[in-house]
Amino acid sequence: MNVAMPETELPIRLRFDNPVTNEDLLRFCAENESLRVERTANGELIVMSPTWSNTSNKNGYISYHLFKWAEETNSGMAFESNGGFTLPDSSVLSADAAWISWETWNALSSERQAGYARVCPQFLIELRSSSDRLVDVREKMRLWIANGAELAWLIDPSRKVVEIYRPGQAVEVQEGHTAVYGKGPVGGFVLELARIWN
């Protein structure tokens, strides 16, 4: 099923008579490969356009450093922006970069690891692009934390700000810093920000 998209700015929400299942979502994504798609807890689809080139480059930089750190420390698995996760509230979200410890990943059955793995990353990074509404990205950060993420960074190049989200704590705002330092599950991970700010 190819979907003719209305002439409107993405992202858009698609509502159906019945909630979209994981199988429906896989089929939809396979038939609309140029789109980035997530599913809300109530079964709606959120359809986004491909990432702009400059944002894609910054996403690659972030993912590279998280993958490199995970490999060097053998601490867990890193994921890039194409990986989706089925969260406890049944939504399917993807982060620009995410990490799960080996202990958590290996405790999952092979069925829970398959497809959109049924687990919430312990750590994730979202990079705000110039087309993202801040209110929407902040809401997504709250969803990650509500579903079990232990630490989440929202990196906003337009404001040169990193917002740090943790369960049960106020959002920490770091403005104009040259690096952001991992704590908790990713203690020792450091992301230099100069390239992100430029």
Side-chain angles (χ1 to χ4, degrees), residues 11 36 38 46 48 50-85 87-89 91-105 117 119-198:
R36 295 168 50 230
E38 294 178 330
I46 300 173
M48 298 159 280
T51 303
W52 291 2
S53 301
N54 193 29
T55 300
S56 175
N57 176 265
K58 292 175 181 181
N59 279 342
Y61 172 83
I62 291 168
S63 292
Y64 166 77
H65 285 285
L66 184 58
F67 272 83
K68 184 177 178 215
W69 175 81
E71 184 74 20
E72 288 172 351
T73 60
N74 194 29
S75 58
M77 292 180 67
F79 302 84
E80 47 83 45
S81 61
N82 287 315
F85 300 92
L87 304 184
D89 70 359
S91 59
V92 175
L93 300 181
S94 59
D96 290 319
W99 175 89
I100 298 173
S101 71
W102 285 122
E103 180 182 7
T104 298
W105 184 258
V119 62
C120 183
Q122 290 153 281
F123 170 66
L124 63 103
I125 302 171
E126 295 282 7
L127 177 67
R128 182 185 178 207
S129 73
S130 55
S131 63
D132 291 333
R133 291 185 342 144
L134 187 56
V135 65
D136 294 336
V137 185
R138 284 177 168 160
E139 177 57 26
K140 187 176 180 184
M141 301 304 285
R142 287 189 280 274
L143 282 173
W144 284 117
I145 296 298
N147 277 280
E150 297 173 39
L151 179 66
W153 297 345
L154 169 56
I155 300 176
D156 187 348
S158 66
R159 299 182 298 139
K160 293 189 178 179
V161 163
V162 178
E163 295 182 4
I164 299 174
Y165 293 75
R166 298 179 189 90
Q169 296 184 32
V171 177
E172 178 185 344
V173 178
Q174 297 183 356
E175 187 172 354
H177 289 208
T178 58
V180 61
Y181 297 86
K183 295 181 181 175
V186 289
F189 174 59
V190 179
L191 182 64
E192 301 288 340
L193 295 169
R195 184 162 170 187
I196 302 297
W197 297 157
N198 291 334

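Counting begins at 1 with the first residue of the sequence.
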Step by step, would you call W197 with I155 a side-chain contact (heavy atoms from CB on, under 4.5 Å)?
CA-CA 10 Å; W197 297 157; I155 300 176; 3.9 Å; yes
Side-chain contact test, heavy atoms from C-beta onward, threshold under 4.5 Å: evaluate it for [X] versus [Y] and give yes or no.
X: I62; Y: D96; answer: no
X: I196; Y: L127; answer: yes
X: W102; Y: N74; answer: yes
X: F189; Y: T73; answer: no
X: F85; Y: V119; answer: yes
X: L93; Y: N147; answer: no
X: V162; Y: H177; answer: no
X: W153; Y: E126; answer: no

Closest approach of [X] and [Y], non-hydrogen atoms and distance?
X: A179; Y: Q174; result: O-OE1, 4.2 Å
X: G148; Y: C120; result: C-SG, 3.9 Å
X: P121; Y: W144; result: CD-CZ3, 3.6 Å
X: L66; Y: A97; result: CD2-CB, 3.9 Å
X: Q122; Y: S101; result: OE1-N, 2.6 Å

Hey, what do you get for [atom1] ([X]) to [atom2] ([Y]), rounding to the nearest 0.5 Å?
X: L151; Y: W99; atom1: CG; atom2: CH2; answer: 10.0 Å
X: S129; Y: D156; atom1: OG; atom2: CG; answer: 9.5 Å
X: M141; Y: Y165; atom1: CE; atom2: OH; answer: 6.0 Å
X: T178; Y: K160; atom1: OG1; atom2: NZ; answer: 11.5 Å
X: I145; Y: Q169; atom1: CD1; atom2: CD; answer: 9.5 Å
X: E72; Y: F67; atom1: CD; atom2: CZ; answer: 13.5 Å

Would you sort out whether F79 and S94 count as a side-chain contact (heavy atoms from CB on, under 4.5 Å), showing the intermediate values?
CA-CA 9 Å; F79 302 84; S94 59; over 6 Å; no
State whether R142 and E139 are salt-bridged, where the test is any N-O pair (Lys NZ or Arg NE/NH1/NH2 against Asp/Glu carboxylate O) under 4.0 Å.
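A salt bridge is present here (some side-chain N lies under 4.0 Å from a carboxylate O).
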Do any pairs count as a side-chain hydrogen bond (donor to acceptor under 3.5 Å, both in side chains) and have a residue in residues 185-196, sequence neighbours left out, and if so which ones?
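Passing the test, one end in residues 185-196: N57-R195.
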Does atom CD of E103 have more than 12 heavy-atom neighbours from other groups under 6.0 Å away?
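Not more than 12 within 6.0 Å, no.
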Without swapping roles, check the side chain of K140 against the backbone of A95 for a donor-acceptor pair under 3.5 Å.
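No: the side chain of K140 does not pair with the backbone of A95.
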Among residues two or more places apart or on two chains, list those pairs meeting salt bridge (Lys or Arg N to Asp or Glu O under 4.0 Å) that have a residue in residues 172-188.
R166-E172
Stepwise side-chain contact (heavy atoms from CB on, under 4.5 Å) test for L87 and L143:
CA-CA 9 Å; L87 304 184; L143 282 173; 5.6 Å; no
Would you check if there is a donor-acceptor pair between the side chains of N59 and S56 at a distance under 3.5 Å?
no
